There are 2 protein chains.
Amino acid sequence: MKTQVTIYDIARHLNISKSTVSRALTGHPNINSETRRSVLDLAEKMDYQRNTLSISLIKNKTYTIGVLVPEFSTSFYPQVVAEVQRVAAEAGYNIVISLSNDCYETEVANAAMLLSRKVDGLLVSLSNQTQNFDHLKKFQRRGIPVVLLNSVCNELLMPRVMVNDYDASFKAVEYLIRSGKQRISHLAGPGTSAVNQRRLSGYLDALKKNGLPVREELIIPYDLKLNKVKIYVRYLLNLPQAADAIFAVNDPSAIEAIKAIKSLGLRVPEDMAVIGFGNNYGAECTEPGLTTLNHPVAEMGRSAINLLLQMVQDDASKWRAITKSLEAQLIVRGSA
Amino acid sequence: MKTQVTIYDIARHLNISKSTVSRALTGHPNINSETRRSVLDLAEKMDYQRNTLSISLIKNKTYTIGVLVPEFSTSFYPQVVAEVQRVAAEAGYNIVISLSNDCYETEVANAAMLLSRKVDGLLVSLSNQTQNFDHLKKFQRRGIPVVLLNSVCNELLMPRVMVNDYDASFKAVEYLIRSGKQRISHLAGPGTSAVNQRRLSGYLDALKKNGLPVREELIIPYDLKLNKVKIYVRYLLNLPQAADAIFAVNDPSAIEAIKAIKSLGLRVPEDMAVIGFGNNYGAECTEPGLTTLNHPVAEMGRSAINLLLQMVQDDASKWRAITKSLEAQLIVRGSA
DNA sequence: TTGTACGCGTTATCAC
DNA sequence: GTGATAACGCGTACAA
């Protein structure tokens, strides 16, 4: 059974104590430079590798950040996570990623796992289902900082980074109105998610502010299962007063809508304009290109992890439950 | 300073020894059911959380798998990783993800980090740049199993999971030939990557086997920077004998090619057919839809992690350097 | 400058 | 069934 090389092994070989070896390895000032040299050489030769576990145990610090996100099914979270990983690595931290698959139970289980792994901080984007926040409270109670991404939790005071969905949606709908559209429909996501609520609000207010009536029949809440989009599009076109634009809650829905419209022999944006949300992969691949709101993914990841790393270093008394709200820009391609 | 609740705290409160507490918590058989009950109750009440670090230290086992991939810039790795995470979680393992950004130095640094974190196994997809494999050898030397994903390393004997790029490319090119194309171009990726080499081989052999000449001017090696695609497309169309089809090494290139062809006023696939590789997000968004080879992402992730978990459990003497080669299916949409 | 002794939180091996 | 005691690998007061 091959066991690892420890500082004790090095110490024996050099006839010194393991504390001296430790000092050499950690770069402690009080050590003879020759001793240190020979330790480093031998360590190299013996292919010594520090055991991070024991150090973490002693220092009660793991240099690990837990990242809890719902899914990787669009480009959004992968891109956010990539940026988070990059920034964290620069600061000497590693990340442990957990996917909740938008399932509350999985989210709780993963949170418990990250807790028992003694992460130094938690970056979390809650699942759509999550209504109970005890799993996050456990972190707070232990003095482990938590930053929310794209999520709201009114019970808990913790910093969060989000996109200004309201403003963005408002902007998108107003753009449609300015380009002459009158019957703008909203393909909405599940109302359980605060994100979707904010997008709906932006839609509603843009209509009101511009003197357009809110028509219930044009607001379609759906579960984001793409196969239903075609049905909705057909419905919108067959209304007594057909819709002339769709503001979709996300890009995949918008892309699906464009396909449906075209398959019915109609033109985008003349017969029906479409605007999405996210600017995911694929948004520029449609014909016409999808006009959509750009999610500032890298910036979101960067803000969130920087906020969290700052909290990790600061004393808990310095923590502030600030909300960082980033703007989503409207990218005009051709679908609206 | 709030410190964590330990088994010793529980022991004191109940006037028993910490060994007994440990036994209760781990479900050891030799323990009075009443004692156990009171321990579990108190643990719950005190919000006790096991410290995985110390257990890992003592058991020399972390239940952690290192996952080292190049990037998250297409849907490929995120989807693979999502599946790996799912399967690993089922088996009680967590994963630590590291992105190398296709940079050799980063890859080496990340590997060292994972090593010092004492991962139980490593799943790695090498960067394009990687030519030296010492960082992987270190794992092997310590008895930590490594599985390669989509990578080749002739120096090292380790299992790998890959797509049968050769067969897939052969299939795609043959499909183009059958549909009447004669001057099939290949937009190739950097030759340093074995994956790209295999795709090129499949292209070449399909031509040969079907009696078509290999024309050097139709083979374009490029660095996958999408902004160059338009130039290449124009070049291919302006040849004395213009190309009539493009087999692109990946989907983004193919999608870019379709756009370029259409922007020049030509038709896909009549004037120029296009086939991609990967079936990434966006492949079904183009007009016409992109005909491409489907990367069996979930299956690849599953195979790789299952192979690795098996090795983690087995003795090193049982390890076999098998190669698991999965088939990529041709998805015919409209671009060819 | 170096060595000794202890502790981090837990499990394992002995006794009893 | 339970309790000491020794590990796991390392850092660090404290003493020398």
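Every value quoted in this text rests on a predicted model; they were computed, and no experiment measured them. So that the names make sense, note that chain A is the first sequence line, chain B the second, and so on, each numbered from 1.
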Exercise. Are side-chain N/O atoms of B:S73 and B:E71 paired as donor and acceptor at under 3.5 Å?
Worked result: yes
Exercise. A:N51 CG to D:dA7 C1': how many Å, rounded?
Worked result: 14 Å
For this session: Look at A:D134 together with A:K138 and state whether they make a salt bridge at an N to O cut-off of under 4.0 Å.
Result: no
For this session: Please determine, for the side chain of B:Q4, which listed nucleotide (D:dG9, C:dG9, C:dT11) has the closest atom?
Result: C:dG9
Exercise. Given atom CG of B:L57 and atom C1' of C:dA12, what is their separation to the nearest angstrom?
Worked result: 14 Å
Problem set entry | Protein-nucleotide distance (B:L53, atom CG; D:dG9, atom C1'), rounded to Å | 12 Å
Problem set entry | Atom-to-atom span, CD1 of A:I58 to P of D:dG11 - whole angstrom | 6 Å
Problem set entry | Pairwise side-chain contact, B:Q49 with B:V5, heavy-atom cut-off 4.5 Å (strictly under) | no
Problem set entry | Side-chain donor/acceptor contact of B:R23 with base of D:dG3 under 3.5 Å | yes
Exercise. How many Å lie between NZ on A:K61 and P on C:dG9, as a whole number?
Worked result: 17 Å
Problem set entry | Donor-acceptor pair, side chain of A:S56 and main chain of A:T52, under 3.5 angstrom | yes
Exercise. At under 4.0 Å, does any side-chain N or O of A:Y48 touch on OP1 or OP2 of D:dC10?
Worked result: yes
Exercise. Going by number, which of residues 6-20 of chain B have a non-hydrogen atom under 4.0 Å from DNA chain C?
Worked result: B:T6, B:I7, B:K18, B:S19
Exercise. In Å and rounded to the nearest 0.5 Å, what is the NE2 to CG distance from A:H135 to A:N110?
Worked result: 9.5 Å
For this session: For the pair B:Y93 and B:Y63, name the ring-plane relationship: parallel under 30°, tilted 30 to 60°, perpendicular over 60°.
Result: tilted
Problem set entry | Selection from C:dA12, C:dT10, C:dC8 that lies nearest to any side-chain heavy atom of B:S54 | C:dT10
For this session: Decide whether B:R117 and A:N94 meet the rule of one side-chain donor and one side-chain acceptor closer than 3.5 Å.
Result: yes
Exercise. Can you check the B:N60 CG to C:dT10 C1' distance for me, whole Å?
Worked result: 14 Å
Exercise. Taking it one step at a time, do B:R12 and B:D9 satisfy salt bridge (charged side-chain N to carboxylate O under 4.0 Å, His left out)?
Worked result: CA-CA 5 Å; B:R12 265 187 332 193; B:D9 296 323; 3.1 Å; yes
Exercise. For residues 26-47 of chain B, which residues have at least one heavy atom under 4.0 Å from DNA chain C?
Worked result: B:T26
Exercise. Please walk me through it: do B:D41 and B:K45 pass salt bridge (charged side-chain N to carboxylate O under 4.0 Å, His left out)?
Worked result: CA-CA 6 Å; B:D41 282 354; B:K45 202 178 301 171; over 6 Å; no
